[in-house]
Amino acid sequence: MASSSNSKDVADNFQLTDDESDDITYKMSVKGSDNDYDNEEDLEAINVDDIVANVNDDNNGVENAYHIAQALLPNLIKNQDMSLKEMKKYIFEKYLCNVSFGHCHRGKGRGIHQIEGSLSEHYGRVWDYGEEIIRSNLGSIVKIVVEESDNGNYFKGFYVCFKAVKDGWKLGCRPVIGLDGCFLKSICKGELLTTIGRDANSQVYLIAWAVYDIENKENWSQFINFLAKDLELSQGAGLTLLSDQHKGLIEVVKDILPQVSHVKEEFKSLMLELKQISKDAYNHLMRRNSSSWCRAFFKKDRTCEAVENGICESFNKMILDARKKPIITLLGSIRLLVMQRMHIMSNMVHQYENDVFPTILDKLKLFSGNYRSWSVIPSNGHVFETRKGTDSFYVDLEKGICSCTFWQLAGIPCVHGVASII
């Protein structure tokens with residue numbers, strides 16, 4: 001999943017080099033390339049003596065965006081998340097100059113612009129970025145969508161699915177995906193659409209992502225079509241999909257993945273009880289397909305008991321800062337996040353000595369803590385009946401099923417199964 005394009009994060013893209021002269025001068029250069037930034041403004045040198053002179057000159061001063069940007073550039077190259085308080089302290093300690101937070105804010109903006117380039121440059125290099133992904137990650141899929149008009153061509157969407165990520169999902173993840181969209185917070189607003197899977201430990205596994213101009217039914221349809229083809233989802237058979245009520249998403253899923261899972265008398269009685277408590281809540285739920293929110297109607301053998309899309313919300317928080325960046329920096333940040341996470345999880349797997357993953361063990365321990373309250377009655381070899389008060393459930397250890405259906409949904413033994421095993 002490596003990429004040698006200029007969309008890599010700032011720490012990887014730029015390196016500091018010293019000129020052989022009496023004055024220490026720092027210049028920005030892109031690793032592995034001599035000609036990627038030919039603009040003289042982009043390659044403008046940072047002369048320390050000039051900055052110190054401006055700092056000590058009350059008439060000129062460093063209290064302007066240009067000089068603050070020059071003073072902070074080496075730090076911003078390493079860490080764009082440097083806070084205004086840290087900037088103010090750095091300039092005071094290094095140059096003995098007390099600048100305002102407003103000047104720091106404007107200086108930071110100018111410095112980041114100098115590092116990352118303008119928004120027009122970013123959108124102009126989307127095609128180069130896509131070609132570099134395909135070249136350096138064989139088998140990966142990149143789709144760039146352009147809207148043609150009489151006034152010219154306009155960027156509409158960018159979709160990417162790395163081969164290593166796709167293969168990992170097919171080989172080692174649960175047949176569960178979450179679809180979600182979130183707003184971008186840069187000057188050019190847009191929408192980030194993501195597909196999140198669950199690994200064997202039920203943790204975040206990002207599969208594919210796309211940037212679109214807006215969130216609507218047309219863009220969701222295009223995104224899911226790309227996804228269905230890349231992951232070979234056919235019509236969604238054997239797949240569980242989790243999502244929120246995004247614009248047009250439910251209709252699109254029905255059209256493209258009609259077999260996706262998006263259990264009966266007890267449900268009816270409980271809903272009647274709810275109706276007595278709140279008629280509005282009852283009507284709200286009954287207007288929706290019960291198979292999309294009630295475990296009683298979930299299809300079995302999908303190894304997913306979740307009824308919420310919280311795992312996608314967790315990922316959105318992970319990329320909160322990246323969502324404020326221009327498109328190339330955003331896409332590069334997500335790529336690096338996925339690459340680093342896969343490396344960390346791979347190391348954890350190789351160091352882990354147990355055959356059962358930690359999250360699954362935690363659930364089993366939780367069930368084990370309550371199993372003593374259930375009495376177990378043997379029936380025939382591997383078949384048992386568990387009882388507590390007026391409740392009773394049928395358990396078949398050989399088939400791995402329980403009449404409560406949780407074992408079939410989650411893929412791990414429920415409390416009744418644990419009681420029967422122990």
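All values derive from a computational prediction rather than experimental measurement.
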Of all residues at least two apart in sequence or in a different chain, which pass the ring pair (Phe, Tyr, Trp, His ring centres under 6.0 Å) check with F226? Y159
Rounded at 0.5 Å granularity, tell me how far [atom1] in [X] sits from [atom2] in [Y].
X    : Y    : atom1 : atom2 : answer
I224 : I256 : CD1   : CD1   : 5.5 Å
L397 : S420 : CG    : OG    : 5.5 Å
F223 : L179 : CZ    : CG    : 6.5 Å
L239 : L231 : CG    : CG    : 8.5 Å
C173 : D167 : SG    : CG    : 11.5 Å
C182 : R323 : SG    : CZ    : 4.0 Å

Side-chain donor-acceptor pair present, Q203, N201, cut-off under 3.5 Å: yes
Taking atom types as modelled, find out whether H343 and S346 have a side-chain donor-acceptor pair closer than 3.5 angstrom. no
Please tell me if the side chains of [X] and [Y] come closer than 4.5 Å, counting only heavy atoms from C-beta onward.
X    : Y    : result
L192 : I334 : yes
S140 : V160 : no
H105 : L84  : yes
R174 : W169 : no
F158 : V142 : yes
W407 : V395 : yes
F393 : W374 : yes
I327 : F155 : yes

Taking the six-membered ring for Trp and the full ring for Phe, Tyr or His, determine whether the centres of W209 and F162 are under 6.0 Å apart. yes
Keeping [X] on the side-chain end and [Y] on the backbone end, is there a donor-acceptor pair under 3.5 Å?
X    : Y    : answer
N219 : I214 : yes
R341 : Y205 : no
E131 : D128 : no

Regarding K88 and the six-membered ring of F101, is the cationic atom NZ or CZ under 6.0 Å from the ring centre and inside 45° of its axis? yes
Candidate list E251, E215, E191, test side-chain hydrogen bond (donor to acceptor under 3.5 Å, both in side chains), partner W220, passing option: E215
Going through the distances and angles, do K156 and V146 end up as a side chain to side chain contact (heavy atoms under 4.5 Å, CB included)? CA-CA 5 Å; K156 186 173 178 62; V146 176; 5.9 Å; no
So which atom in [X] and which in [Y] form the shortest heavy-atom distance, rounded to 0.1 Å?
X    : Y    : answer
V252 : S221 : CG1-CA, 3.5 Å
C161 : K166 : SG-CB, 4.0 Å
M345 : D199 : CE-OD2, 3.9 Å
L330 : A322 : CD1-O, 3.3 Å
I207 : I196 : CD1-C, 4.3 Å
L72  : M82  : CD2-CE, 4.4 Å

H382 NE2: over 12 foreign heavy atoms closer than 6.0 Å: yes
For K89, does the NZ atom have more than 12 heavy-atom neighbours from other residues, nucleotides or ligands under 6.0 Å away? no
Taking only residues two or more places apart in sequence, or in another chain, which ones meet V349 in a side chain to side chain contact (heavy atoms under 4.5 Å, CB included)? F357
Partner set under side chain to side chain contact (heavy atoms under 4.5 Å, CB included) for K229, not counting sequence neighbours: none
Going through the checks in order, is the side chain to side chain contact (heavy atoms under 4.5 Å, CB included) test met by K388 and T386? CA-CA 7 Å; K388 184 171 73 170; T386 58; over 6 Å; no
Please determine if R135 and E132 form a salt bridge, counting it only when a charged side-chain N lies under 4.0 Å from a carboxylate O. yes
